[in-house]
Amino acid sequence: MPLLRILLAAVVEIALFCTQPAIADTARRMLSVDELRSTIAPTGLVDNRWFIPAEGAGAAKHDFAGTLVLQELEMGTDPAKFSSREVLGKDPKIFPAVSIAFLTDNDDLVPVSQDLIRYGSTKEGRSYWDVIVQPGRVWSESGDGDWSRASFPFALVHSIDGETHNGLATFLYNGTEVSNVRFQIVQQTAPGDGAAYFKAWGQVPARYEPGGIDGLEALKAAYAAELANRYPIKSWDDLAAEVGAGKLDGFESLMNQEKVLVSGLALNGALYIKDCKSAAGPMPYCDRMRFGVWSVTKSAASAVALLRLAQKYGPEVFDAKIKDFVQVTASHQGWEDVTFGNALDMATGVGFGSVGRHSIIEDGHLEGNFDAWYKAPSEEAKLMEGFKSPDLPWGPGEVARYRDQDIFLLGVAMDRFLKSKEGPAADIWSMLVNEVYRPIGIAHAPINRTIEARDRPGQPMMAFGLYATIGDLAKIAQLYQARGQHNGMQILHAHKIAELLAGTEKRGLPTYYMNRFGMTLYFRSFWSVVFDSEEGCRLYVPQMLGWGGNIVSLMPGGLIGIRLAKDGSQSAEAFDTTGMIEVGDRLVRFCD
């Protein structure tokens, strides 16, 4: 990578982190040494700024290279938010007992793994939650004696769901021991089974196990490359200064501002983001945090995987039949001619709901045995439940009906197609990570998987469950905008992408969802939104869309709009992006 890009990435990293106001070094009134070493439980949230370095803080006095071992703990929270203390046999109010290996690199606290740490989705312990940990910071403050401080962002997740409950954690450490770990949960995407939206806090007893990290220098080199490859991020104020604040009015469209977590616009090689909201003030580490984006996964993972297979083995893979790679156990013949492309289009011709062709795309989505399929733990169990869906009175490719089951099935079929080409050791997620994500600068891609016996990794859900950073989403969208090409290498099938990008040509099947310009269509896992520009042209703009109001919009002129949110109402306002597209049209005249 050119030196200028590396320096730019470092400057952007520092600038973004420092947008969170620092506390005065002499005025630390919260999370002091005494408090972090105390056995007295905290009674509520504190401002997020107490989790980051104070003004005038110095470098850490110690390196950290070892494992932080945490105990289970009942979290403090509003009891009304946990009406049920048992979900799938586990307690969502219990913080999980997990072990997290960290190393320090300059001022950063780097987890050895940024993948999902399974706990709640296994037979261990009482807690419902799995955990994802992201890089944080280390430093020292003058009032802390011989201690160093550390903090890091994390998320509580569960392998069946697709949301994140994002939080911050901090602790003191020296060469041999650590304090308790103080944490708080202050931000989340739309919730699934675990609990309603909740705020939580606690102070977990912990211990430090030094050493035991192999390949320390290689891990540091990998982290340096990861930093250098981060998407350049600037503040929304920078964009307003460049283009004029008036041109950005209405970017959030009709959505309730209280439901928006963070949003941004990528243009001219940078991603301009607004403040990252939470229940305890702006979130530090916003660019490092992972968000459960729900069905954005369909476009950011499943469609990308099929487009990669099309590039490697030819576009005919879109016409491959599901039944040729997966044993169909359905009691009807509806799967006989269903192709990979039909599944990606949500047009298998199988499912629940009314038999009227003109029903909305989500008619029947959560009906029938959806709950049994959703909670089925293993790949085999999910396939068995999925094939219990009845046939509909039309064939594949004719009517769009929204079905997570079909995208999961597509993922299994793609995995088996890949094995037929490359042998039994081939894996669809490894292909996606190694051949698409890493080449475009995405170093980590945690996703929910099925739960299998004998410690098998499980089949990626593919319909939901991707935990992406906002920069990851921008990179995936940028790969689409570049028609699958990156640094001169054709990674995804260019013609198949060109067919779905923004343009004047109508594409896809009716969803019977309307905005003020007309009906949204569904095509290859994208929602194609109609937009009439002031200049007089009608455009169809593809969008990745996930429950809660999560949006990645691929606008003309290479613009990318992103909004991450927590609106679980499924209202029209949650998914309206007309204002976002209007802002894009003001900046890059689409008809031109």
Side-chain angles (χ1 to χ4, degrees), residues 1-21 227-255 257 260-277 282-289 291 440-441 469-482 486 501-502 529 531 533-535 537 539 541-544 551-565 576-592:
M1 171 170 292
L3 179 60
L4 180 60
R5 176 73 182 276
I6 295 174
L7 292 174
L8 176 61
V11 169
V12 167
E13 173 73 17
I14 293 169
L16 184 67
F17 183 83
C18 290
T19 57
Q20 175 71 23
L227 287 179
N229 282 316
R230 282 185 173 168
Y231 205 100
I233 293 180
K234 298 182 179 180
S235 76
W236 195 257
D237 289 340
D238 291 333
L239 180 59
E242 291 177 22
V243 304
K247 289 187 177 181
L248 305 179
D249 288 346
F251 186 75
E252 306 296 0
S253 305
L254 300 177
M255 191 169 195
Q257 287 294 295
V260 177
L261 301 179
V262 63
S263 59
L265 185 67
L267 74 162
N268 300 328
L271 176 59
Y272 298 85
I273 66 171
K274 297 188 177 186
D275 285 343
C276 208
K277 300 175 185 176
M283 284 288 278
Y285 306 118
C286 191
D287 65 325
R288 304 181 183 190
M289 289 167 44
F291 295 88
I440 66 174
T469 68
I470 192 169
D472 292 344
L473 296 175
K475 287 177 181 179
I476 295 167
Q478 184 172 288
L479 182 64
Y480 273 111
Q481 295 283 43
H486 180 76
L501 289 180
V529 176
F531 175 73
S533 174
E534 290 182 358
E535 287 75 35
C537 64
L539 296 167
V541 180
Q543 297 183 154
M544 309 180 197
I551 300 288
V552 182
S553 181
L554 276 58
M555 292 178 270
L559 269 64
I560 300 162
I562 300 175
R563 186 185 70 204
L564 302 175
D576 179 78
T577 54
T578 303
M580 180 183 289
I581 300 171
E582 286 175 335
V583 168
D585 192 30
R586 292 177 203 139
L587 299 178
V588 178
R589 287 300 182 185
F590 292 160
C591 290
D592 295 337

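Quantities reported herein were computed from a predicted structural model and do not represent experimental measurements.
The number of heavy atoms from other shown groups lying within 6.0 Å of CD (E534) does not exceed 12.
Considering every non-hydrogen atom in both Q481 and L559, the closest pair reads NE2-O, 2.9 Å. When all heavy atoms are compared, the tightest approach of P232 to G269 is CG-O, 3.6 Å. For the pair M289 and P284, the tightest heavy-atom approach, listed with the atom from each and the gap, is SD-O, 3.9 Å. Taking every heavy atom of both residues into account, M555 and G584 meet most closely at SD-CA, 4.1 Å. When all heavy atoms of S553 and M580 are compared, the closest pair comes out as CB-SD, 3.8 Å. The two residues F251 and G264 make their nearest non-hydrogen contact at CZ-O, 3.3 Å.
By the salt bridge (charged side-chain N to carboxylate O under 4.0 Å, His left out) test, K277 pairs with no residue at all, sequence neighbours left out.
Once rounded to the nearest 0.5 Å, the distance linking CD1 of I581 with OG of S253 reads 7.5 Å. For the atom pair Q257 CD and S263 OG, the distance stands at 7.5 Å (nearest 0.5 Å). Distance check, rounded to the nearest 0.5 Å: CZ of R288 to CG of L227 gives 7.0 Å. Rounding to the nearest 0.5 Å gives a distance of 6.0 Å between CG of L239 and CG of L267. Distance check, rounded to the nearest 0.5 Å: CD1 of I551 to CD1 of I560 gives 14.5 Å. The CG atom of D275 sits 12.5 Å away from atom CE of M283, with the distance rounded to the nearest 0.5 Å.
Counting only N and O atoms by type, the side chains of S235 and D237 include no donor and acceptor under 3.5 Å apart.
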Check your understanding: Going through the distances and angles, do V541 and T577 end up as a side-chain contact (heavy atoms from CB on, under 4.5 Å)?
Key -> CA-CA 10 Å; V541 180; T577 54; over 6 Å; no

Check your understanding: Where do D585 and L539 land on the side-chain contact (heavy atoms from CB on, under 4.5 Å) test, with the steps shown first?
Key -> CA-CA 11 Å; D585 192 30; L539 296 167; 6.0 Å; no

Point to revise | Trace of the side-chain contact (heavy atoms from CB on, under 4.5 Å) decision for L501 with L554 | key: CA-CA 7 Å; L501 289 180; L554 276 58; 4.0 Å; yes

Exercise for review: List the steps, then state whether side-chain contact (heavy atoms from CB on, under 4.5 Å) holds for Q478 with L271.
Suggested key: CA-CA 11 Å; Q478 184 172 288; L271 176 59; over 6 Å; no

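For the pair R586 (side chain) and D249 (backbone), a donor-acceptor distance under 3.5 Å is present. Remark: the backbone N or O of G441 is paired with a side-chain donor or acceptor of K475 at under 3.5 angstrom.
Taking the six-membered ring where tryptophan is involved, the planes of F590 and F531 are perpendicular, since the angle between them exceeds 60° and thus also 30°.
Among I233, V262, T469, the single residue meeting the side-chain contact (heavy atoms from CB on, under 4.5 Å) criterion with C286 is V262.
In this structure, L265 and L587 have side chains that are in contact, with non-hydrogen atoms separated by less than 4.5 Å.
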